[in-house]
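Only one structure is covered here, and it is reproduced in the block below.
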Amino acid sequence: MNWSRKWINPVLDKEFRLRMRTPRSAFSLLAYILVLGLIALGFIYITLYLGNQGNQPFNSSAGRMMFYVLSFAQLILIAFMAPALTAGVISGEREKQTLSMLLTTQQSSATIILSKLFSSLSFMTLIIVATLPIYSIVFLYGGISLKQMIFIFLFYLFVMLLLGALGVLFSTLFKRTMISVIVTYGVGLCIFLLTGILYLFAMSIVQRSYYSGPPTTGTTYSWVGYILGLNPAGALISLFEPSFSKQAFLLQNGNLSSDAPIQLWQEFVLVYSVVIIAALWISIRRIRPVARRKHSHPENGLPGVKTSTGAHS
Amino acid sequence: MIDIQHLSKRYGNFDALKDINLFIPEGTVFGFVGPNGAGKSTTMSILATLMLPTSGVAKVDGFDVTQHPKEVRKRIGYMPDFFGVYDQLKTTEYLHFYGASYNIPRSEREQLIPQLLELVNLSDKSDVYVDGLSRGMKQRLCLARCLIHDPKVLILDEPASGLDPRARIEMREILKELKQMGKTIIISSHILPELAEMVDEIGVIEHGEMVAQGRVSDIQARLRVKKVLHIRVMDREEELAARLQDEAMVSAVLSDNTGIHVHFSGGDVEQVQLLQNIISWGYAVISYHEAQTNLEDVFLEITKGGAAV
């Protein structure tokens, strides 16, 4: 067990214990698998019995469609779950009045923040892994490669990391868990919905000006596609269908042979990696008060007057 | 050990601390007294590196709390006035968590934790979930947590608040033991009168200002300008009370079923003279003594009827 002592720091160890000792964790896992299982079974039922009057067998294209449906359902479930699991990690400790004692230990701010995030992500990963048997139904019918599946799961991890980092940030900034949860869901909603709506809106304007303006022979792709790259659903589809990125940037009747400037999922990962790093950096800076270093006055060599306006908890 | 110079803390327009100066030598038990909201907890939070001062310097064992917080944290054990516990952890797990958080190796913790539990009288609760402990037990467990890294300084913010008398006595006994161990303790508490014999110095803070500071006996002596004499006589008590009111150096006379309480501003000679007068008037005196003032009286006298402790 030496490896665990080496790699699992006290905060992580405590988080794991506390997380797995509450019945809520088991219930969340059960509820999640139930919802996703019902979606899978519902899809099979609709496809086999309602859509085709029971005549058509469930083939690989239906399997592919089911994979898409499950993947989207999973993405939405993650969007609901990640803020709930992370937006209270610091403010919850503050409300339970345990934070001040944790902050007076030798654990660094980075250890506390990253361990809290990692433990929440571990639990979410456990839930995602627990849904694998449901995905195995897809493999009965084929149409999906293992590589695609692995990519989708890595993408989920990234989305969880993004929402988790935002949850931890707001949990550090706001004293009340309730406010932190609301703000995290609000920002999540912007990432999931606002970017999509903004893309459709901007695209329709650009399309209109493209057709009403003089005919051009220049570029046929538009900057508007970048907006869709900020949307998790857009990025997810670009993982299913690599040609989707091209379509997102293209104006109608554009030249299909021209390449997209960047794959949507690549843009998603690049942009939000910066967001994740910024969110975690701010959280680490703000969890404890940080004093400015004293500067020596060259004239007299005395320490300068120190005034600090850092956060306090 | 603790050195505070010109410490101020301002929240918006409110001055929580105004130019506090304080020096607590090593091994001293310092009682911090003041009404709620006077600035005790703010001072303690700054010493515990949880809050930054607006100006001024606070040092623990020579380390500035804002410039070297990690070094300060190694040296202090902090118990906040209100604290929670991780209910889903067992008592030993709870201490292991904090021990590990102070980078104490597991083998060392295995030896240390039973000793700490014994010190706080929780040995029989080692395998119990923290959730199942009474408030007093949680308070003692929290004290054990403060001690796990053998800190030189203990910062205890109201360690006995909300405890029943028995639990208070237990806490007091533990604190006495800690004093014997040579710890420097800064303690704010409602039970200061009870702790009078173990507190070396007190500091009285009000509206963010230190209004009195020094050895308990010195402050008591300084305030004893007006003493209260307690007199019991065999009979004619009311008559004596009326007669005493006309005496010089007597500012007030109260009479109740325990006897006569005389507010007297004279010194020892005048006090003897008064007794001789009473006897010469023909009263049979059962007892004649100076009423003991305790820390609570001292505090109330200094803060002049401010909010209760």
Side-chain angles (χ1 to χ4, degrees), chain A residues 1-2 4-25 91-112 115 286-296 302-313, chain B residues 8-11 41-42 44-57 64-74 76-90 93-94 96-106 109 129 131 142 145-146 148-149 151 155 157:
Chain A
M1 289 299 281
N2 277 338
S4 68
R5 279 172 206 166
K6 197 172 176 185
W7 294 105
I8 298 183
N9 68 51
V11 181
L12 202 56
D13 179 70
K14 186 250 323 172
E15 289 294 314
F16 281 155
R17 277 175 205 266
L18 293 181
R19 173 96 54 201
M20 297 318 287
R21 277 181 186 173
T22 53
R24 205 174 61 179
S25 298
S91 53
E93 289 247 11
R94 198 178 281 128
E95 282 167 347
K96 276 188 282 171
Q97 297 173 326
T98 48
L99 187 65
S100 58
M101 293 188 289
L102 184 60
L103 293 181
T104 49
T105 65
Q106 289 289 294
Q107 296 300 304
S108 67
S109 302
T111 307
I112 294 170
S115 303
R286 296 296 295 267
I287 191 171
R288 277 191 175 115
V290 179
R292 276 190 237 145
R293 289 274 153 197
K294 283 183 180 177
H295 303 291
S296 292
L302 290 172
V305 178
K306 168 184 56 61
T307 49
S308 309
T309 50
H312 57 81
S313 50
Chain B
S8 298
K9 177 72 187 175
R10 175 173 268 267
Y11 299 106
S41 295
T42 305
M44 288 180 155
S45 293
I46 290 171
L47 285 173
T49 74
L50 292 169
M51 203 182 268
L52 292 175
T54 308
S55 64
V57 178
D64 190 314
V65 293
T66 56
Q67 302 302 314
H68 304 284
K70 209 163 181 180
E71 291 301 321
V72 171
R73 280 180 215 128
K74 270 187 206 167
I76 58 159
Y78 171 62
M79 185 168 170
D81 46 354
F82 297 103
F83 65 89
V85 284
Y86 301 112
D87 289 345
Q88 303 291 326
L89 290 184
K90 288 181 177 177
E93 288 174 338
Y94 179 82
H96 266 294
F97 162 61
Y98 282 104
S101 297
Y102 282 105
N103 304 323
I104 301 168
R106 192 172 184 92
R109 277 183 270 144
Y129 280 102
D131 199 19
C142 189
R145 176 200 63 79
C146 291
I148 197 144
H149 57 301
I155 300 170
D157 198 355

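What you see is a predicted model, and the numbers here were worked out from it, not measured in a lab. Below, read A as the first sequence line, B as the second, and so on, with proteins coming before strands; counting in each chain starts at 1.
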Open item on the list: Just checking B/Tyr102 against B/Tyr98, ring centres under 6.0 Å apart?
Closed with: no
Task: Most contacts with chain A, counted as non-hydrogen pairs under 4.5 angstrom, among B/Ile76, B/Leu89, B/Asn103, B/Val65 - done: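 Most heavy-atom pairs within the cutoff with chain A belong to B/Leu89.
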Any donor and acceptor pair, going by atom type alone, linking the side chain of [X] with main-chain N or O of [Y] inside 3.5 Å?
| X | Y | value |
| --- | --- | --- |
| A/Arg288 | A/Leu103 | yes |
| A/Gln107 | B/Ser101 | yes |
| B/Arg145 | B/Tyr78 | yes |

- [ ] Select one option (side chain, backbone, both, neither) describing which atoms of A/Arg21 are under 4.5 Å from chain B's heavy atoms.
- [x] both
Task: Heavy-atom proximity to chain B below 4.5 Å, by part of A/Glu95 - done: neither
Task: Toward chain A, the part of B/Val85 with a non-hydrogen atom under 4.5 Å - done: backbone
Open item on the list: Please classify the contact of B/Cys142 with chain A as side chain, backbone, both or neither, using a heavy-atom distance under 4.5 Å.
Closed with: side chain
- [ ] Sort out for me which of A/Thr111, A/Thr98, A/Val11, A/Leu102 touches chain B most, counting heavy-atom pairs under 4.5 Å.
- [x]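 Greatest number of close heavy-atom pairs with chain B: A/Thr98.
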Open item on the list: Quick check for you: to the nearest 0.5 Å, what is the distance between B/Glu71 atom CD and B/Lys74 atom NZ?
Closed with: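 Interatomic distance, B/Glu71 CD to B/Lys74 NZ, rounded to 0.5 Å: 4.0 Å.
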